[in-house]
Amino acid sequence: MIRIAGLRKSYGSTLIVDDVSLTLPAGGITAIIGPNGAGKSTLLGMISRLLPMDAGTVTVDGLDVTRTPSDVLAKRLAVLRQDNHIAARLTVRDLVAFGRYPHAKGRPTIADENKINEAIAFLDLGALEHRFLDELSGGQRQRAFVAMVLAQDTDYVLLDEPLNNLDLKHAARMMQLLRRAARELGKTIVIVLHDINFASVYADHIVCMQAGRVAHQGQPETIITPEVLSLVYQLPVRVELIDGQRISIYYQEDRTP
Amino acid sequence: MTSLRPRQVLLGLAGLALFSMVLFMVWNAKGAWDFVLPFRGRKLWGLLLCAWAIAVSTVLFQTVTGNRILTPAIMGFDALYQMVQTLFVFAFGGFAYLTLPAELRFLGNAVVMVGLSTLLFRWLFGRHGGSLHLLVLVGIVFGVLLRSLAGLMQRLINPNDFVVLQDAMFASFGAIAPTLLLISTIVLGLASLVILPLLPQLDVLLLGRTPAIGLGVNHKRTVSLVLGVVAVMVSVSTALVGPVLFFGLLAANLAYLIMPTHRHAAVLPAAALLAVIGLVAGQAVLEHGFGFDTALSIIIEFAGGLVFLILLLRGGNR
Ligand SMILES: Nc1ncnc2c1ncn2[C@@H]1O[C@H](COP(=O)(O)OP(=O)(O)OP(=O)(O)O)[C@@H](O)[C@H]1O
Ligand SMILES: [Mg+2]
C-alpha cells in the first residue's frame with residue numbers, strides 16, 4: 001500500500017502539488033489522469049523519491065521513501081519517468097539488464113539473465129535486442145525502457161505515460177501485460193495515462209488530478225462520467241456503454257442536432 | 001560471445017602497450033645496460049603512472065558529469081596548478097622554488113590541489129544540490145579567474161623567476177625522483193582501490209542521475225567519492241609532470257570508440273592502456289629515435305586538442 005499524506009511541492013512561488021493525501025491500495029492498477037501540467041509527473045516523482053518534496057510523507061509498504069536507503073527501495077519499487085534519454089550508447093539488452101542492477105549489483109546470475117530475456121520477450125523486443133537505442137523508433141525505445149522497469153521485478157511499478165509513442169497493438173498489449181502482472185503476480189501498478197479509455201477499461205482505481213490537487217478518485221464507474229470528465233478537461237465528453245465498457249467520446253464537438 | 005570481444009580488444013591493447021614499453025627500454029640503448037635500464041625504467045614508471053592517472057580520472061569525470069567533452073583539466077585544474085606555482089614563486093622567489101627538495105614540492109602541490117578542489121566540490125554540492133553542469137561552469141569561470149590572477153603575478157615577478165616558472169608550467173616527461181615515484185604509486189594505488197567496488201555503480205551512472213537513483217544508487221555519495229578520487233589522480237599527475245590538458249580526452253574517447261561495451265571494468269583499463277601506448281611509444285620514438293627531449297607534450301596536446309575540436313564541431317555532447 002502506498003500512503004501519501006500532506007504532500008506538497010512548489011517551484012518558486014507556484015504550488016505544483018498542493019497538499020495531496022492519498023492511499024493507493026496494494027495490488028491492482030491505479031491510473032492517474034488529468035490535464036497537462038496538473039502535477040501528475042511531479043507526484044509520481046516524489047512517490048518514487050526521484051524528486052525532493054517540500055512537505056508531507058510517502059510510505060510504500062510502511063517504508064518512508066525519503067528515509068529508506070535507496071537500494072532497499074529499488075528492490076520494492078520501480079519507476080519509469082516521462083522523458084528518458086541517455087547520453088551513453090547502449091543496446092536494448094544493455095538497458096534492460098540495468099533493471100536487474102538492484103538485485104544483481106553488477107553480477108547477473110542465470111536467474112537475472114532469465115528475467116532479462118523474459119522482459120525482452122514480453123515487450124516484443126527479441127529482434128531488436130542488440131540494436132543501439134539511438135537506432136530505434138520512438139515506440140521501440142519506449143518499449144525498451146518499460147522492459148527495463150519490468151526486469152526490475154518489483155512489487156510496486158510506477159509508470160509515467162508508458163503508452164507514449166506506442167501503436168494500437170503495443171499499447172493494448174502493454175495494458176494487458178500490466179493487468180496480468182497485477183492479477184496473477186499481485187503487483188501494484190500506478191500508471192499515468194492520457195488515454196482515458198485505457199484507464200476506464202483496465203484500471204481498478206482512478207485518481208484524477210487537477211491543478212495540483214486530487215479532484216476526484218474512485219472506481220472507474222464513478223470517474224468516467226460526462227460530468228466529471230467534462231469539468232476536469234474543460235471539454236464536452238460523452239460516455240457510451242459499449243460491450244459493458246465505459247468509452248469516452250470527445251473527438252469532435254457534439255454534432256447531435 | 002559478446003563477453004569475449006572486449007577481452008580480446010583489451011588483450012590486443014595490452015600487447016601493444018607491452019611492445020611500447022620494451023621499445024622504450026631498449027631502443028638505441030648504448031652503453032652499459034646496468035646503467036641504462038634502471039635509468040630508463042624510472043622514466044618508464046613515471047610515464048605509466050601518468051598514463052593511468054590521466055586516463056582513469058578523465059573517464060571517471062566524464063561518467064559522473066554525463067558528458068564526453070569536458071575533462072578535469074579543461075575544468076580548470078591546470079589553472080589551479082599554475083596558480084599554486086606562481087604563488088609560490090611570487091612569495092618565495094625562483095631560487096627557493098628550485099632549491100626546495102623535489103619531494104616537498106610535490107607533496108605540497110598535491111596536498112594544496114586536492115584540498116582546493118575538494119573544497120570547491122563540497123561548496124558546490126552543499127549549496128546547489130549537486131548540479132554538475134553548474135559545477136563545470138563554475139570550474140571554467142574559476143579557471144579563467146585563476147589564470148588571470150596568475151598572469152598578473154607573473155608580470156610582477158622578476159625575469160629570472162619568470163624563467164623558472166615557465167619551466168614548471170609545461171608538462172615534461174623527464175626522469176622523476178625515485179621517492180616521488182614511490183609516493184605517487186602508493187597514492188594512485190589507494191585511489192584506484194577506492195574505485196574498484198564502485199565499478200557497477202559507475203555503469204549505472206551512465207543512465208543519468210534520476211534513473212540511477214531509481215535503480216538504488218546513492219548518487220550524491222558515489223559522485224562525491226568519485227570526484228574526490230579524480231581530484232587526487234589529477235593532482236598527482238599534475239604534480240609529477242605538470243599540466244596536461246587534452247591528453248585524457250584523447251585516451252578516453254579512443255577507448256569509448258574501440259571498446260564494444262560500456263562497462264567501466266573494461267573501458268577504464270582500455271583508456272589506461274591507450275594512454276600508455278601513446279605516452280610510452282611516443283616518448284620512445286621522440287627521445288630514443290630522434291633525440292628530442294620535451295616535444296612529446298606538445299605533440300600529444302596537439303592531437304588531443306584536435307580531438308577536442310572535432311568533438312565540439314560534431315556537436316556531440318554524448
Ligand atoms: N523543474 C520545474 N521547474 C518549474 N516548474 C516545473 C518544473 N517541473 C514541472 N513544473 C511545472 O509543474 C507543473 C506540473 O508539472 P508535471 O510535469 O507534474 O505535470 P503533468 O501533470 O505530468 O503534465 P503532463 O500531462 O504534461 O505530463 C507544470 O505547470 C510545470 O510547468
Ligand atoms: Mg507528466
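Atom set for the values below is all heavy atoms of this structure, side chains included, hydrogens, waters and symmetry mates excluded.
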Look at [options] and state which one has the largest set of heavy-atom pairs under 4.5 Å with chain B.
{"options": "A:Gly45, A:Pro52, A:Pro102", "value": "A:Pro102"}
{"options": "A:Ser70, A:Gly106, A:Ala74, A:Ala104", "value": "A:Ser70"}
{"options": "A:Leu73, A:Leu90, A:Val79", "value": "A:Leu90"}
{"options": "A:Arg81, A:Met148, A:Lys105, A:Arg49", "value": "A:Arg49"}

Assess the side chains of A:His103 and A:Asp112: does a donor N or O sit below 3.5 Å from an acceptor N or O?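 There is no such pair (donor and acceptor under 3.5 Å, judged by atom type) between the side chains of A:His103 and A:Asp112.
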Would you say A:Asp54 and A:Ser10 are linked by a side-chain donor-acceptor pair, where the criterion is simply a distance under 3.5 Å?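 The criterion, which ignores hydrogens and geometry beyond distance, is satisfied for A:Asp54 and A:Ser10.
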Okay, side chain of A:Lys40, backbone of A:Gly34: is any donor-acceptor separation there less than 3.5 Å?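 Side chain of A:Lys40 to backbone of A:Gly34: a pair is present.
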A:Leu95 versus chain B, the contacting section by heavy-atom distance below 4.5 Å: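 Answer is side chain: those atoms of A:Leu95 sit under 4.5 Å from chain B.
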Top of B:Asn218, B:Thr261, B:Asp203 for chain A proximity - count of heavy-atom pairs under 4.5 angstrom: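 Ranked by contacts with chain A, first place is B:Asp203.
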Could you check whether A:Arg76 makes a cation-pi contact with A:Tyr156, meaning its NZ or CZ is under 6.0 Å from the centre of the six-membered ring and within 45° of the ring axis?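 No, A:Arg76 does not sit over the ring of A:Tyr156.
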Using the side chain to side chain donor-acceptor pair (under 3.5 Å) rule, take A:Asn117 and A:Arg93 through it: C-alpha gap first, then chi angles, then the decisive distance, then the call. CA-CA 9 Å; A:Asn117 291 333; A:Arg93 198 181 171 83; 2.9 Å; yes
